[in-house]
Structures are given as C-alpha cells and as structure tokens.
Amino acid sequence: MGKRSSRFRSICWWRLPVRSADRWLSREEYAALARGMRKSLFRLQIHPTYRVAAEEEEFKQFLATGTYEIDPNDAALTRARQRRADGKLAQRVYALSTPLTDYQRYVFKYYHQLALAGEDLRIIDSRTMPVPRLPDYDFMLLDDTTVIKVHYDADGTWVGPELLATEDVSEYLAYKQDAVAGSVPFLDFEERLGG
C-alpha cells in the first residue's frame with residue numbers, strides 16, 4: 001500500500017468539524033429545561049388526543065360527568081403565574097380541527113385556568129382559519145435558541161423529547177411567528193365555542 005497523500009489526510013473524518021448529535025432527553029431533563037427558560041417558551045401542539053397517564057382518572061371523570069376539579073395551586077398554574085410576574089413569556093399554539101375531540105374538551109377546562117394564570121394560549125382551527133406552514137410534530141422552542149422535538153405515538157402516547165442539535169433555529173422561529181400570527185387567543189376561541 002502506498003503512502004497516503006496530504007490531500008487524503010486533510011479530509012479524514014477526525015479532521016472534519018463535528019456536528020453535535022440530536023439526543024433524547026429524560027423526563028427530568030426535559031422538565032428542567034422548560035423550567036429553566038430565561039425569557040420565553042413556545043410550544044406547538046398538533047395531536048387531537050394526548051394520552052397522559054397522570055390524567056387518566058380525571059379524564060374518566062370528565063367523560064362521565066362533563067367536569068373535574070382543578071386545584072388552583074396546581075404546579076403548572078403556579079409556574080404560569082410566576083412566569084407572568086417575572087416578565088417571562090410562555091406561549092402555546094394548539095393547531096386543531098373542530099369539532100373538538102373528547103380529550104380537547106377535557107384539556108380545555110384546564111387551559112382556561114392556564115390562560116387566566118398568564119400563559120399565552122392560542123388556537124388554530126383548520127376548519128375556519130387558514131393554516132400556516134407548520135411541521136407535522138410537536139416542538140418546544142426555549143428562549144428562541146433551543147429546539148426540542150416532542151415525539152408521540154399515533155394514539156397520542158408520549159414517547160419522549162429529543163433535543164435537536166441545530167445552531168440555526170430560523171426555521172423554528174418562522175414556525176413560531178407564523179403560528180402566533182395565524183392563531184387566535186384561547187379565551188376568544190373558547191368564547192366562540194360557547195364556553
């Protein structure tokens with residue numbers, strides 16, 4: 001075998017710039033990143049149903065009675081109030097299609113309280129509104145710099161969050177801008193539905 005040329009040495013894999021790999025986050029890492037946001041958190045939701053083990057009993061109660069009890073000192077409501085007091089912006093856009101699923105009717109009872117607590121919840125209804133170009137998956141954008149793709153099975157069961165190793169978040173900033181501009185505030189949407 002002959003001597004390798006200097007041209008070969010200059011393109012060897014160990015000399016190429018290394019792109020950080022996407023990586024899966026544990027539930028604890030995901031929660032810590034969301035809680036650690038410094039100025040803004042944006043979340044896009046697209047699934048008609050989310051299967052959350054912690055919600056099962058409440059969801060059954062809602063299906064049976066049409067209501068369920070929401071603790072005013074719930075951790076997420078407390079965080080929403082604190083973020084608002086600290087001048088941080090938490091936004092969520094839920095892209096859906098009416099009529100609402102049972103799960104959406106259930107979670108909207110909670111979203112009402114979350115909106116009152118200070119989260120900027122918004123809705124895009126594809127049946128009545130033009131839908132901006134959006135990805136076909138849920139994601140979170142933290143402080144306009146960190147992108148987390150949130151994976152779900154077809155039935156809405158949570159699979160896990162994936163931290164995307166991207167230095168250029170312009171595509172996600174555009175998704176955020178389009179989703180917010182193309183949506184209506186949750187409380188306005190709720191009022192249109194008749195509460």
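- Taken from CG in Leu41 to CZ in Arg83, the straight-line distance is 5.5 Å, to the nearest 0.5 Å.
- The backbone N or O of Thr145 sits nowhere less than 3.5 Å from a side-chain atom of Asp143 that would complete a donor-acceptor pair.
- The aromatic rings of Trp24 and His151 sit tilted, their planes meeting at an angle between 30° and 60°.
- To the nearest 0.5 Å, atoms CD (Gln91) and CD (Glu119) are separated by 9.0 Å.
- One hydrophobic cluster, built from ILVMFWY side chains closer than 4.5 Å, cannot hold both Val169 and Leu89; they sit in different ones.
- Side-chain contact check for Tyr103 and Glu55: at least one donor-acceptor pair (N or O, by modelled atom type) lies under 3.5 Å.
- Shortest non-hydrogen contact noted between Glu69 and Gln61 is N-NE2, 4.3 Å.
- Aromatic ring centres of Tyr152 and Tyr137 lie farther apart than the 6.0 Å criterion allows.
- Going from atom CZ of Arg79 over to atom CZ of Arg81 covers 11.0 Å, rounded to the nearest 0.5 Å.
- Annotation: Phe59 is not in aromatic contact with Tyr68 [ring centroid separation under 6.0 Å not met].
- Closest non-hydrogen pair, Gly182 versus Met129, comes out as O-CE, 3.1 Å.
- Each of Asp138, Leu163, Asp22, Leu141 was scored for a side chain to side chain contact (heavy atoms under 4.5 Å, CB included) with Ile148, with one residue passing: Leu163.
- Between the CG atom in Leu77 and the CG atom in Leu116 there is a gap of 9.5 Å [rounded to 0.5 Å].
- With a 4.5 Å cut-off on side-chain heavy atoms, Leu187 and Glu191 do not count as touching.
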What's the verdict on side-chain contact (heavy atoms from CB on, under 4.5 Å) for Gln177 and Leu173, showing C-alpha distance, side-chain angles and the deciding distance?
CA-CA 6 Å; Gln177 181 179 0; Leu173 290 169; over 6 Å; no
Which is it for Leu100 and Phe108 under the side-chain contact (heavy atoms from CB on, under 4.5 Å) test, yes or no, and what are the steps along the way?
CA-CA 10 Å; Leu100 300 179; Phe108 278 13; 3.8 Å; yes
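- Side-chain contact between Phe42 and Asp144 is absent, with no heavy-atom pair separated by less than 4.5 Å.
- Taking 4.5 Å as the limit, every side-chain heavy atom of Tyr106 sits out of range of all side-chain heavy atoms of Leu63.
- Looking only at atom types and distance, the side chain of Arg92 has a donor-acceptor partner in the side chain of Gln45 under 3.5 Å away.
- Under a hydrophobic clustering in which Ile, Leu, Val, Met, Phe, Trp and Tyr are joined whenever their side-chain heavy atoms come within less than 4.5 Å, directly or via other members, Leu193 and Phe186 fall into the same cluster.
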Evaluate the criterion side-chain contact (heavy atoms from CB on, under 4.5 Å) for residue pair Val180 and Val93; output intermediate values, then yes/no.
CA-CA 7 Å; Val180 170; Val93 174; 4.3 Å; yes
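- Without hydrogens or angle criteria, Asp86 side chain to Lys88 main chain gives no donor-acceptor distance under 3.5 Å.
- Between Arg51 and Asp153 there is no salt bridge, since no side-chain N of the basic residue sits under 4.0 Å from a carboxylate O of the acidic one.
- At least one side-chain heavy atom of Phe189 sits under 4.5 Å from a side-chain heavy atom of Asp125.
- Side-chain atoms of Tyr94 come within 3.5 Å of backbone atoms of His47 as a donor-acceptor pair (strictly under, hydrogens ignored).
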Using the side-chain contact (heavy atoms from CB on, under 4.5 Å) rule, take Arg192 and Thr128 through it: C-alpha gap first, then chi angles, then the decisive distance, then the call.
CA-CA 12 Å; Arg192 289 181 201 171; Thr128 61; 5.7 Å; no
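- For the 3.5 Å distance criterion, the side chains of Asp168 and Ser170 qualify, holding a donor opposite an acceptor.
- Comment: Arg23 engages Glu29 in a salt bridge, judged by a side-chain N to carboxylate O separation of less than 4.0 angstrom.
- With hydrophobic clusters built from ILVMFWY side chains whose heavy atoms lie under 4.5 angstrom apart, Ile70 shares a cluster with Tyr111.
- Looking at heavy atoms from C-beta onward, Leu134 lies out of side-chain contact with Ile46 at the 4.5 angstrom threshold.
- Side-chain contact between Ser40 and Lys176: present, with at least one pair of heavy atoms (C-beta onward) separated by less than 4.5 Å.
- Ring geometry, Phe139 versus Tyr172: the interplanar angle exceeds 60°, so the pair is classed perpendicular (tilted spans 30 to 60°).
- A heavy-atom distance below 4.5 Å is not found between the side chains of Asp74 and Gln113.
- A donor-acceptor pair under 3.5 Å is formed between the side chain of Thr101 and the backbone N or O of Pro48.
- Residues Arg127 and Pro99 meet the side-chain proximity criterion, which asks for heavy atoms closer than 4.5 Å.
- Of all heavy-atom pairs spanning Pro130 and Ile124, the tightest one is O-CG2, 4.5 Å.
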